[in-house]
Amino acid sequence: MESSNFSHLSVTDLAQFCTEETNKFLKQIASNDSFCLELFRRAIVDRDDDAWRSIYQQYAPLVLTWVTQHQSATPILGQEGSAPLVNAAFAKFSQALTPAKMENFVSLAAILKYLKLCVHSVVADEVRARQMRQFEDTLEMITQEPASDDPAEDVVSNMAAQDLWQIIEEELHGAEERIVIYQAYVQGMKPSEICAQSRQLFPTVDDVYRIKRNVLERLRRSRRLQMLIRH
């Protein structure tokens, strides 16, 4: 398909033709993919914002349907609904489908199949992220109990009172870990608060959880910490 064949068409015109042809495609009626392929080409290769907006408006309802039909999505929709997952799917799609890859997509069916794979991917990512947050929340609850099965967590949570920061700090790698552990266990900040305060270091709350998890796993294996606990 030569883009010059459509050079006289505006994004608005392309989007209108694409809508008509997509409706035919979804109804399994003979359709012309050229208009939709050109719209995607302008969005991905030319990085045309108007084309991206048209694609979002055109296919967001379809992506929403895929999200709500996903067997793992129901328990994670919650109060926020499906909008975050729909947006995440389009974001993943735009990042994954590079101009070079676009040359391999010669039909609307292939592009929509790829978009659907992105939906499955973001749902799976969100399920894993929520499971990990539940695990970390469980660790947080342990610190509220009189006794813990996790000595590393106990020591870290009480390090301010026991003046153990220097010992713990020797086990930390980099400024990000120091900030997360200090703010979480000395200042008592929640992961969401740490993320909001240092967004440039921790773009998402999951980044904070990941760093906490890595540090705690390292501390559990620390011989110095184990000796400290025994004494």
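All residue numbers in this chain count up from 1 along the given sequence.
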(message) I want to check something: taking the side chain as every heavy atom from C-beta on, are Ser54 and Leu39 in contact at a cut-off of under 4.5 Å?
(response)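 Ser54 vs Leu39: side chains touch.
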(request) Tell me, please, which residues at least two apart from Arg47 pass salt bridge (Lys or Arg N to Asp or Glu O under 4.0 Å). (result)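 For Arg47, no residue satisfies salt bridge (Lys or Arg N to Asp or Glu O under 4.0 Å) once neighbours in sequence are set aside.
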Nearest-0.5 Å distance, [atom1] of residue [X] to [atom2] of residue [Y]:
X: Glu38; Y: Asp13; atom1: CD; atom2: CG; result: 12.0 Å
X: Arg178; Y: His173; atom1: CZ; atom2: NE2; result: 8.5 Å
X: Leu201; Y: Ile194; atom1: CG; atom2: CD1; result: 11.5 Å
X: Ile179; Y: Leu172; atom1: CD1; atom2: CG; result: 11.0 Å
X: Asp50; Y: Ser10; atom1: CG; atom2: OG; result: 9.5 Å

(message) Would a single hydrophobic cluster contain both Phe93 and Val106, if residues Ile, Leu, Val, Met, Phe, Trp and Tyr are joined by side-chain heavy-atom contacts under 4.5 Å?
(response)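 In one cluster: no.
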(message) As a quick check of understanding, evaluate side chain to side chain contact (heavy atoms under 4.5 Å, CB included) for Leu62 and Lys116, giving each step before the final call.
(response) CA-CA 9 Å; Leu62 183 59; Lys116 190 173 185 178; over 6 Å; no
Backbone of [Y] reached by a side-chain donor or acceptor of [X] within 3.5 Å:
X: Glu21; Y: Phe17; result: no
X: Glu193; Y: Lys190; result: yes
X: Ser121; Y: Leu117; result: no
X: Lys101; Y: Ala96; result: yes
X: Ser198; Y: Cys195; result: no

(request) Please assess Tyr56 against Val86 for the test side chain to side chain contact (heavy atoms under 4.5 Å, CB included), listing each intermediate value before the final yes or no. (result) CA-CA 10 Å; Tyr56 184 91; Val86 171; 4.1 Å; yes
(request) Sorted by first residue and then second, give each ring pair (Phe, Tyr, Trp, His ring centres under 6.0 Å) pair with at least one member in residues 96-116; sequence neighbours left out. (result) Phe105-Tyr114
Closest heavy-atom contact between [X] and [Y]?
X: Met189; Y: Gln197; result: CE-OE1, 3.6 Å
X: Phe202; Y: Asp207; result: C-OD2, 4.0 Å
X: Ala89; Y: Leu115; result: O-CD1, 4.4 Å
X: Arg41; Y: Met102; result: N-CE, 4.0 Å
X: Asp125; Y: Lys92; result: OD2-NZ, 3.8 Å
X: Ala15; Y: Gln58; result: O-OE1, 4.5 Å

(request) Might you work through the side chain to side chain contact (heavy atoms under 4.5 Å, CB included) test for Leu37 and Ile111, ending with a clear yes or no? (result) CA-CA 9 Å; Leu37 290 174; Ile111 291 179; 3.6 Å; yes
(message) Any salt bridge linking Lys24 with Glu20? Criterion: basic side-chain nitrogen under 4.0 Å from a carboxylate oxygen.
(response)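 Salt bridge: no.
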(request) Please assess Asp206 against Thr204 for the test side-chain hydrogen bond (donor to acceptor under 3.5 Å, both in side chains), listing each intermediate value before the final yes or no. (result) CA-CA 5 Å; Asp206 287 337; Thr204 68; 4.8 Å; no
(message) Taking the ring centre of each residue, are Tyr59 and Phe40 less than 6.0 Å apart?
(response) yes
